[in-house]
Amino acid sequence: MTLSRSHLQRVREQGLTWIKPSFLWMMYRCGWGAKAGQETVLAVEISRGGFEWALRHACLSSYVSGVHPDRAAWQRELKRAPARVQWDPERDLRLRPLPYRALQVGLSGEAVRRYADEWTVAIRDVTPLAHEIRALVSGGDLDSAARLLPRERPYPLGVGLDGLPAHLQG
């Protein structure tokens with residue numbers, strides 16, 4: 001079984017997966033691919049249409065007064081929604097929190113099926129890259145480490161996101 005098929009099969013079986021667009025936040029989460037059970041780091045490319053479907057069908061992963069009428073309404077929405085969003089502090093090369101946040105999108109139910117069967121465009125094993133960057137950071141060569149980071153750009157919200165929940169709009 002190929003890496004791609006193996007990964008997608010595990011996602012289907014687990015029933016919940018997270019899209020983490022930030023490389024450094026992912027490195028924080030998996031300890032540069034050194035945490036038990038997280039030794040393989042995959043870069044999964046999904047379609048823009050799939051990502052935007054997830055955003056349109058998402059609710060916040062935690063209760064926010066003023067966004068939700070009450071905690072019970074948020075819990076009903078969370079149970080119903082096939083996607084959830086949260087923002088966690090972005091990380092620097094030493095994995096320290098930065099003063100701005102990175103988006104995380106959790107998928108369950110229908111969204112997991114769509115992710116595995118429709119949205120996934122490519123899967124790459126970036127474990128060697130994670131280890132190389134970690135070694136440079138550990139050795140104090142932050143400039144070389146930074147040059148190896150995958151290019152990340154702000155996500156442009158395009159036409160067609162008029163169904164985006166108000167709490168996700170800029």
Side-chain angles (χ1 to χ4, degrees), residues 2-31 33 35 37-38 40-91 95 97-126 130 149-170:
T2 66
L3 174 68
S4 299
R5 294 177 80 188
S6 172
H7 166 72
L8 294 175
Q9 184 59 37
R10 272 195 311 279
V11 166
R12 281 188 204 93
E13 291 168 1
Q14 291 171 348
L16 177 68
T17 194
W18 286 87
I19 298 170
K20 301 176 186 315
S22 163
F23 182 81
L24 287 174
W25 199 95
M26 189 62 211
M27 294 306 98
Y28 166 74
R29 178 71 176 86
C30 72
K35 286 185 181 177
Q38 298 183 51
T40 301
V41 183
L42 301 177
V44 180
E45 180 183 345
I46 65 171
S47 69
R48 181 179 178 104
F51 187 70
E52 291 179 357
W53 186 96
L55 291 178
R56 277 194 305 276
H57 293 86
C59 74
L60 291 174
S61 64
S62 58
Y63 171 73
V64 176
S65 177
V67 172
H68 308 100
D70 55 45
R71 191 172 294 277
W74 165 73
Q75 288 173 330
R76 285 190 302 276
E77 184 183 356
L78 185 63
K79 189 175 282 190
R80 174 197 56 76
R84 60 193 65 186
V85 296
Q86 66 188 45
W87 288 266
D88 294 308
E90 180 59 285
R91 301 291 166 158
L95 306 182
L98 291 168
Y100 53 94
R101 297 189 170 263
L103 177 70
Q104 320 292 321
V105 182
L107 306 176
S108 62
E110 179 183 1
V112 166
R113 184 196 56 75
R114 287 174 178 256
Y115 168 85
D117 297 338
E118 301 169 17
W119 303 344
T120 300
V121 174
I123 299 177
R124 291 177 296 113
D125 184 347
V126 295
L149 290 174
R151 184 170 173 234
E152 295 177 1
R153 299 173 310 279
Y155 189 80
L157 292 178
V159 178
L161 278 177
D162 50 344
L164 192 63
H167 58 272
L168 295 178
Q169 296 178 14

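The basis for the numbers below is simple: all heavy atoms, side chains too, and nothing from hydrogens, waters or symmetry mates.
Separation of atoms OG (Ser22) and CZ (Arg91) is listed at 9.5 Å; rounding is to 0.5 Å. Note: Arg101 CZ to Leu103 CG = 12.0 Å, rounded to the nearest 0.5 Å. Taken from CG in Leu60 to CZ in Arg84, the straight-line distance is 11.0 Å, to the nearest 0.5 Å. The structure places CH2 of Trp119 at 9.0 Å from CZ of Arg113, a figure rounded to the nearest 0.5 Å. A distance of 10.0 Å separates CG in Leu95 from CD in Glu90, rounded to the nearest 0.5 Å.
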What do the steps show when you test Ile46 against Val121 for side chain to side chain contact (heavy atoms under 4.5 Å, CB included), and what is the final call? CA-CA 5 Å; Ile46 65 171; Val121 174; 5.6 Å; no
Leu98 vs Leu24, side chain to side chain contact (heavy atoms under 4.5 Å, CB included): CA-CA, chis, key distance, verdict: CA-CA 11 Å; Leu98 291 168; Leu24 287 174; over 6 Å; no
Step by step, would you call Trp25 with Gln104 a side chain to side chain contact (heavy atoms under 4.5 Å, CB included)? CA-CA 9 Å; Trp25 199 95; Gln104 320 292 321; 3.6 Å; yes
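Annotation for Cys59 and Glu77: closest pair CB-OE2, 3.1 Å, computed over non-hydrogen atoms. When all heavy atoms are compared, the tightest approach of Asp70 to Ala73 is OD1-N, 2.7 Å. Thr17 and Val112 get closest at one heavy-atom pair: N-CG2, 4.4 Å. Residues His68 and Ser62 share a closest heavy-atom pair of CE1-O, 3.7 Å. Closest heavy-atom contact between Ala81 and Ser108: O-OG, 3.9 Å.
By the 6.0 Å contact criterion, NZ on Lys35 is enclosed, its count of non-hydrogen atoms from other residues, nucleotides or ligands being greater than 12. In the displayed structure, Tyr28 atom OH is contacted under 6.0 Å by at most 12 heavy atoms of other residues, nucleotides or ligands.
Residues satisfying the side chain to side chain contact (heavy atoms under 4.5 Å, CB included) criterion with Arg71, sequence neighbours excluded, are Tyr63, Trp74, Gln75.
Residues Tyr115 and Val105 form no side-chain contact, since every pair of their non-hydrogen atoms from C-beta on lies 4.5 Å or further apart. Side-chain contact check for Asp88 versus Lys20: every heavy-atom pair is 4.5 Å or farther apart.
Using bins of under 30°, 30° to 60° and over 60° for the plane-to-plane angle, the ring pair Trp53/His57 lands in the parallel bin.
For Glu118 (side chain) and Gly50 (main-chain N/O), no donor-acceptor pair under 3.5 Å exists by modelled atom type.
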